[in-house]
J.: 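A single structure is presented below for examination.
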Amino acid sequence: VESNAGAGIGFCDEDYKAVGADIVPTAADAWKHADMVVKVKEPIEKEFRFLRSDLTLFTYLHLAAVPRLAKVLCDSGCVSIAYETVADGRGRLPLLAPMSEVAGRLSTQVGAHFLQKAHGGSGVLLGGVTGVEPGNVTVIGGGISGINAAQMAVGLGAKVTILDNSPEQLGNLKTFFGSQLSTELSNIETIRAHTVTPLCVKKRERIPPPATPSIRRP
């Protein structure tokens, strides 16, 4: 572990040593001496030079957003495993789920922030006040991220609608939330109807690929 790598979250070098980690002075040293690098963010440009053929990289990659990284990984020959593509026996994505919870909750928090006049918004309070209607929030996609976005919006007192293309999931959402929000099937018409007037729209929909892409060495 790089020295002071955990300082920003309240962990000191001694905490890592106590559970068996070796502390090295720099990030370059950590990359050099590791057989497997476990991190959160995908490699950034200054880290590309650390990738090598005898290394296993385990992290979030999101390669669609950074195609150059995909080429760098292929050229390096390292084994790269993306958290967001690891599925269990039921097709669920257990390593993506925690990040989806964070993203969903943050989306409502950030949306409410930018609705304030001081941040360029319309000045509407999502929960409303006495004599004033609460704001409308539309969540597109009722998965883990969407559920967490909706929970935050409901907690703020907003009028919330979740759109999803699965009738089964809409039933689950109705059972979970009860009368706290509305649910509708997601299609062009309902998306158009619910995105003309709402003050805050959160797209939390993920369409999974038919199979996890793999890169095999020749």
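Sequential numbering from 1 along the given sequence is applied to the chain's residues.
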J.: Please step through side-chain contact (heavy atoms from CB on, under 4.5 Å) for the pair Leu63 and Leu69, ending with a clear verdict.
T.: CA-CA 7 Å; Leu63 295 177; Leu69 175 58; 3.8 Å; yes
J.: Run the side chain to side chain contact (heavy atoms under 4.5 Å, CB included) test against Lys41 and tell me which residues pass, sequence neighbours left out.
T.: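 Here the qualifying residues are Lys39, Ile44.
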J.: For Ile191 and Ser186, work out which heavy atoms get closest and say how close.
T.: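 Taking every non-hydrogen atom into account, CD1-OG, 3.6 Å.
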J.: For residues 154-162, which side-chain donor-acceptor pairs fall under 3.5 Å, sequence neighbours excluded?
T.:
{"residue": "Lys159", "atom": "NZ", "partner": "Glu133", "partner atom": "OE1", "Å": "2.8"}

J.: Listing request: all ring-ring contact (aromatic ring centres under 6.0 Å, His included) pairs with a residue in residues 95-121, at least two apart in sequence or in separate chains.
T.: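 Residue pairs passing ring-ring contact (aromatic ring centres under 6.0 Å, His included), neighbours aside: His113-His119.
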J.: Name all pairs fulfilling the salt bridge (Lys or Arg N to Asp or Glu O under 4.0 Å) condition that reach into residues 168-189, sequence neighbours left out, sorted by first residue then second.
T.: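 Matches after skipping sequence neighbours: none remain.
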J.: Does a sphere of radius 6.0 Å around CG in Asp22 hold more than 12 heavy atoms from other residues, nucleotides or ligands, not counting ones at 6.0 Å or beyond?
T.: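 No, CG of Asp22 has 12 or fewer neighbouring heavy atoms, counting only those of other groups under 6.0 Å.
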J.: Residues two or more places apart in sequence or in another chain: which of them pass side chain to side chain contact (heavy atoms under 4.5 Å, CB included) with Ile144?
T.: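 With sequence neighbours excluded, Ile144 shows a side chain to side chain contact (heavy atoms under 4.5 Å, CB included) to Ala97, Ser100, Glu101, Asn148, given in chain and number order.
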J.: Of all heavy-atom pairs between Val137 and Ala153, which one has the smallest distance, and what is that distance?
T.: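 Val137 and Ala153 have their closest heavy atoms at CG1-CB, 4.1 Å.
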J.: I'd like to know whether Asp29 forms a side chain to side chain donor-acceptor pair (under 3.5 Å) with Thr26, so could you lay out the CA-CA distance, the side-chain angles of the two residues, the decisive distance to 0.1 Å, and finally the verdict.
T.: CA-CA 5 Å; Asp29 292 316; Thr26 66; 2.8 Å; yes
J.: Identify the two heavy atoms, one from Ile140 and one from Thr195, that lie closest to each other, and give their separation to 0.1 Å.
T.: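 For Ile140 versus Thr195, the nearest heavy atoms are CD1-CG2, 4.5 Å.
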J.: Any link between Val110 and Leu126 through a network of hydrophobic side chains (Ile, Leu, Val, Met, Phe, Trp, Tyr) touching at under 4.5 Å?
T.: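 Val110 does not cluster with Leu126.
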J.: Please answer whether the main-chain N or O of Gly104 pairs with a side-chain N or O of Ser107 as donor and acceptor at a distance below 3.5 Å.
T.: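 Yes, Ser107 side chain to Gly104 backbone: donor-acceptor pair under 3.5 Å.
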J.: Would you say Leu95 ends up clustered with Val102 if hydrophobic residues are merged whenever their side chains have heavy atoms under 4.5 Å apart, either directly or through other cluster members?
T.: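 No: no chain of side-chain contacts under 4.5 Å links Val102 to Leu95.
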J.: Residues two or more places apart in sequence or in another chain: which of them pass side chain to side chain donor-acceptor pair (under 3.5 Å) with Glu42?
T.: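 Glu42: no side chain to side chain donor-acceptor pair (under 3.5 Å) contacts found.
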J.: For residues 72-81, dump all side-chain donor-acceptor pairs below 3.5 Å to protein atoms at least two apart in sequence or in another chain.
T.:
{"residue": "Asp75", "atom": "OD2", "partner": "Lys71", "partner atom": "NZ", "Å": "2.8"}
{"residue": "Ser76", "atom": "OG", "partner": "Leu73", "partner atom": "O", "Å": "2.8"}
{"residue": "Ser76", "atom": "OG", "partner": "Cys78", "partner atom": "N", "Å": "3.2"}

J.: Tell me, please, which residues at least two apart from Arg92 pass side chain to side chain contact (heavy atoms under 4.5 Å, CB included).
T.: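 Applying side chain to side chain contact (heavy atoms under 4.5 Å, CB included) to Arg92 gives Asp88, Arg90.
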J.: Would you list the pairs meeting ring-ring contact (aromatic ring centres under 6.0 Å, His included) in which at least one residue belongs to residues 1-33, sequence neighbours left out?
T.: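 Non-adjacent pairs meeting ring-ring contact (aromatic ring centres under 6.0 Å, His included): Trp31-Phe50.
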J.: Same cluster or not: Met152 versus Phe176, using hydrophobic residues (I, L, V, M, F, W, Y) connected whenever any side-chain heavy atoms lie under 4.5 Å apart?
T.: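 No, it is not one cluster - the side chains of Met152 and Phe176 are not joined through contacts under 4.5 Å.
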J.: Hey, quick one: are Leu185 and Val139 part of the same hydrophobic cluster, counting side-chain heavy atoms closer than 4.5 Å, chains of contacts allowed?
T.: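 Yes, because Leu185 and Val139 connect within a single hydrophobic cluster, where side-chain heavy atoms sit under 4.5 Å apart.
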J.: Just how far is it from atom OG of Ser122 to atom CD of Gln116, taken to the nearest 0.5 Å?
T.: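 The OG atom of Ser122 sits 10.5 Å away from the CD atom of Gln116.
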J.: Please list all pairs passing the ring-ring contact (aromatic ring centres under 6.0 Å, His included) test where one or both residues lie in residues 144-163, with sequence neighbours left out.
T.: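 Passing the test, one end in residues 144-163: no pairs.
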J.: What are the two closest heavy atoms between Val124 and Gly135, and how far apart are they?
T.: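 Shortest heavy-atom separation between Val124 and Gly135 comes out as CG1-CA, 4.4 Å.
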J.: Could you name each residue pair satisfying ring-ring contact (aromatic ring centres under 6.0 Å, His included) that touches residues 63-88, not counting sequence neighbours?
T.: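 ring-ring contact (aromatic ring centres under 6.0 Å, His included) check on residues 63-88 returns Phe58-Tyr83, Tyr60-Tyr83.
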J.: So, using side chain to side chain contact (heavy atoms under 4.5 Å, CB included) as the criterion, who are the partners of Asp13 when residues are at least two apart?
T.: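 Residues passing side chain to side chain contact (heavy atoms under 4.5 Å, CB included) with Asp13: Ser3, Asn4, Ile23.
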J.: Between Ala21 and Val1, which heavy-atom pair has the shortest distance, and what is it?
T.: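 Smallest interatomic distance, heavy atoms only, reads CB-CG2, 3.9 Å.
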J.: Can you give me the closest heavy-atom contact between Pro43 and Leu61, atom names plus distance?
T.: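 Closest heavy-atom pair between Pro43 and Leu61: CD-CD2, 4.0 Å.
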